[in-house]
Amino acid sequence: MTIYSLYIFDRHCTCVYYQDWHRTVRPKTAVEGGMLPAVYAPVYPSTKDDASYSNRNTLASSSGIVVAVNDSDGPRTPLTAQAYSPLALQPPPPPLPTSSLSFDEEAKLVYGVVLSLRNMIKKLSGKDEQFVNYQTSTYKLHLYETLSGFKFVMLSDPNADSLRFVLRQIYSGPFLEYVVRNPLVEMDSKERGIDNEYFRMSTDRLVRGLTVFQ
């Protein structure tokens with residue numbers, strides 16, 4: 001069984017967190033103003049100032065040059081990447097294709113599907129019925145909704161069993177520990193998402209530790 005991605009929506013219908021594992025298509029960068037910060041950094045739109053700051057503080061691996069500095073007054077010696085890493089001889093893996101939809105549009109579509117199916121089930125089957133998942137030929141969508149209005153949505157391959165128990169574990173474990181009880185996270189701010197290092201690492205460890213994870 002393959003788990004593709006996880007979305008978390010707040011009670012204002014806004015995507016406040018995203019994480020993926022086995023996507024074959026990279027999410028496209030969101031349009032400016034289309035998503036909150038602290039949701040998923042790789043798709044958050046950055047300004048030119050942000051990009052230049054990032055470049056100044058990041059060692060580009062493509063350069064292959066590292067300057068070694070010691071305490072002596074001798075000259076600084078540039079070392080090639082091949083001199084200290086045999087992995088540098090290996091070609092980088094080809095990049096994944098990029099989705100035609102921007103991330104903000106993708107998140108809106110996911111939430112729209114969830115909302116439409118949930119409302120349809122309530123109208124057809126009554127209030128006692130709950131929408132927990134639906135399946136297409138290419139993926140299966142799983143839903144867990146909390147009493148506070150947060151919706152946890154997970155996409156997997158269509159042959160997967162129900163993963164609602166996984167979403168419940170994420171909510172009762174990492175979410176309560178590193179989001180609800182974290183004084184630095186503003187859960188209902190409408191200005192920021194809930195992403196933080198501990199929550200992301202804990203969620204990743206939980207999902208990868210599942211016996212059904214491939």
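In this text the structure is predicted, and so the values were computed from the model without any measurement. Just so you know, these numbers use all the heavy atoms, side chains as well, and skip hydrogens, waters and symmetry mates. Residue numbers start at 1 and run along the sequence shown.
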Student: Can you find a side-chain donor-acceptor pair between Glu106 and Tyr7 that sits under 3.5 Å?
Tutor: yes
Student: How many angstroms lie between CD1 in Ile3 and CG in Asp20, if you round to the nearest 0.5 Å?
Tutor: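 With rounding to 0.5 Å, CD1 (Ile3) is 12.0 Å from CG (Asp20).
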Student: Measuring centre to centre across the rings, with the benzene-like ring taken for any Trp, is His22 within less than 6.0 Å of Phe213?
Tutor: yes
Student: What distance do Glu191 atom CD and Thr14 atom OG1 have between them, rounded to the nearest 0.5 Å?
Tutor: 12.0 Å
Student: Tell me whether Val180 is reachable from Ile8 by hopping between hydrophobic residues (I, L, V, M, F, W, Y) whose side-chain heavy atoms are closer than 4.5 Å.
Tutor: yes
Student: If you measure from NE2 on His142 to OG on Ser162, what distance do you get to the nearest 0.5 Å?
Tutor: 6.5 Å
Student: Hey, quick one: are Val113 and Leu124 part of the same hydrophobic cluster, counting side-chain heavy atoms closer than 4.5 Å, chains of contacts allowed?
Tutor: yes
Student: Within a strict 4.5 Å, meaning less than it, do heavy atoms of the Tyr40 and Arg200 side chains meet?
Tutor: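 SC-SC contact between Tyr40 and Arg200 confirmed.
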Student: Kindly give the heavy-atom pair with the smallest separation between Leu36 and Gly193, and that separation in Å.
Tutor: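 Scanning both residues completely, I find the closest heavy atoms to be CB-N, 4.0 Å.
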Student: Please find the pair of heavy atoms, one from Val43 and one from Met35, that lie closest to each other, and give the distance.
Tutor: O-SD, 3.7 Å
Student: Report the C-alpha distance between Tyr134 and Leu143 in whole Å, list the side-chain angles of each, state the deciding distance to 0.1 Å, and finish with yes or no for side-chain contact (heavy atoms from CB on, under 4.5 Å).
Tutor: CA-CA 9 Å; Tyr134 90 99; Leu143 172 67; over 6 Å; no
Student: Write down the atom of Val39, the atom of Cys15, and the distance for their closest heavy-atom approach.
Tutor: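 What the structure gives for the nearest pair is CG2-O, 3.5 Å.
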Student: Going by heavy atoms in the side chains, are Pro174 and Met201 under 4.5 Å from each other?
Tutor: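 Sidechains of Met201 and Pro174: no contact.
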Student: Test side-chain contact (heavy atoms from CB on, under 4.5 Å) on Ile194 and Tyr178; report intermediate values, then the result.
Tutor: CA-CA 9 Å; Ile194 60 173; Tyr178 299 114; over 6 Å; no
Student: Below 4.5 Å, heavy atoms only, C-beta onward: do Ile170 and Met154 meet side chain to side chain?
Tutor: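 Ile170 reaches Met154 side chain to side chain.
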Student: So Tyr144 and Tyr171, do their side chains get closer than 4.5 Å, heavy atoms only?
Tutor: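 A side-chain contact exists here, since the closest heavy-atom pair is under 4.5 Å.
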Student: Answer yes or no: is there a side-chain heavy-atom contact under 4.5 Å between Tyr198 and Glu177?
Tutor: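 No. Closest side-chain heavy atoms not under 4.5 Å.
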Student: At what distance, to the nearest 0.5 angstrom, does OG1 of Thr98 lie from NZ of Lys28?
Tutor: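 So the OG1 of Thr98 and the NZ of Lys28 are separated by 8.5 Å.
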Student: Once ring pair (Phe, Tyr, Trp, His ring centres under 6.0 Å) is applied, do any residues pair with Tyr4, and if so which ones, sequence neighbours excluded?
Tutor: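 With neighbours one apart ignored, the set is empty.
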Student: Check for a donor-acceptor pair, side chain of Asp10 on one end and backbone N or O of Cys13 on the other, with a separation under 3.5 Å.
Tutor: yes
Student: Could you go step by step and tell me if Val153 and Val110 meet the side-chain contact (heavy atoms from CB on, under 4.5 Å) rule?
Tutor: CA-CA 8 Å; Val153 180; Val110 172; 3.9 Å; yes
Student: Can you tell me how far CZ of Arg11 sits from CZ of Phe150, rounded to the nearest 0.5 angstrom?
Tutor: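 With rounding to 0.5 Å, CZ (Phe150) is 8.5 Å from CZ (Arg11).
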Student: Between Lys140 and Gln135, is any pair of side-chain heavy atoms under 4.5 Å apart?
Tutor: yes
Student: Is Phe9 reachable from Leu109 through a run of I, L, V, M, F, W or Y residues, each pair having side-chain heavy atoms under 4.5 Å apart?
Tutor: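 Not linked; separate clusters.
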Student: Where is the tightest heavy-atom contact between Pro27 and Ser99, given as atom of each residue plus distance?
Tutor: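 Heavy-atom minimum between the residues: CA-CB, 4.4 Å.
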Student: Kindly work out whether a path of hydrophobic side-chain contacts (I/L/V/M/F/W/Y, heavy atoms less than 4.5 Å apart) joins Val132 to Leu117.
Tutor: no
Student: Examine distances only and state if a side-chain atom of Ser172 and a backbone atom of Arg168 form a donor-acceptor pair shorter than 3.5 Å.
Tutor: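 Checking the backbone N and O of Arg168 against the side chain of Ser172, a donor-acceptor pair under 3.5 Å is found.
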Student: As a quick check of understanding, evaluate side-chain contact (heavy atoms from CB on, under 4.5 Å) for Leu206 and Val166, giving each step before the final call.
Tutor: CA-CA 9 Å; Leu206 187 154; Val166 177; 4.3 Å; yes
Student: Find out if a path of hydrophobic residues (ILVMFWY) with successive side-chain heavy-atom gaps under 4.5 Å connects Val185 to Leu176.
Tutor: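 Yes; tracing contacts between hydrophobic side chains, which count when under 4.5 Å, links both residues.
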Student: Look up atom OG1 in Thr203 and atom CZ in Arg208, then write down how far apart they are to the nearest 0.5 Å.
Tutor: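 It is 12.0 Å, given to the nearest 0.5 Å.
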Student: Do the non-hydrogen side-chain atoms of Thr2 and Asn159 ever get within less than 4.5 Å of each other?
Tutor: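 Counting from C-beta outward, Thr2 and Asn159 never come under 4.5 Å.
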Student: Under 4.5 Å between any side-chain heavy atoms of His12 and Asp188, yes or no?
Tutor: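 His12 vs Asp188: side chains touch.
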Student: What is the minimum heavy-atom distance between Arg192 and Ala38, and which atoms define it?
Tutor: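 So the minimum-distance heavy-atom pair works out to NH2-CB, 3.3 Å.
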Student: More than 12 non-hydrogen atoms from neighbouring residues, nucleotides or ligands closer than 6.0 Å to CG on Asp161, yes or no?
Tutor: no
Student: For Phe175 and Phe152, I'd like to know if the aromatic rings sit close, meaning centre-to-centre distance below 6.0 Å.
Tutor: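 Close enough - the centres of the two rings lie under 6.0 Å apart.
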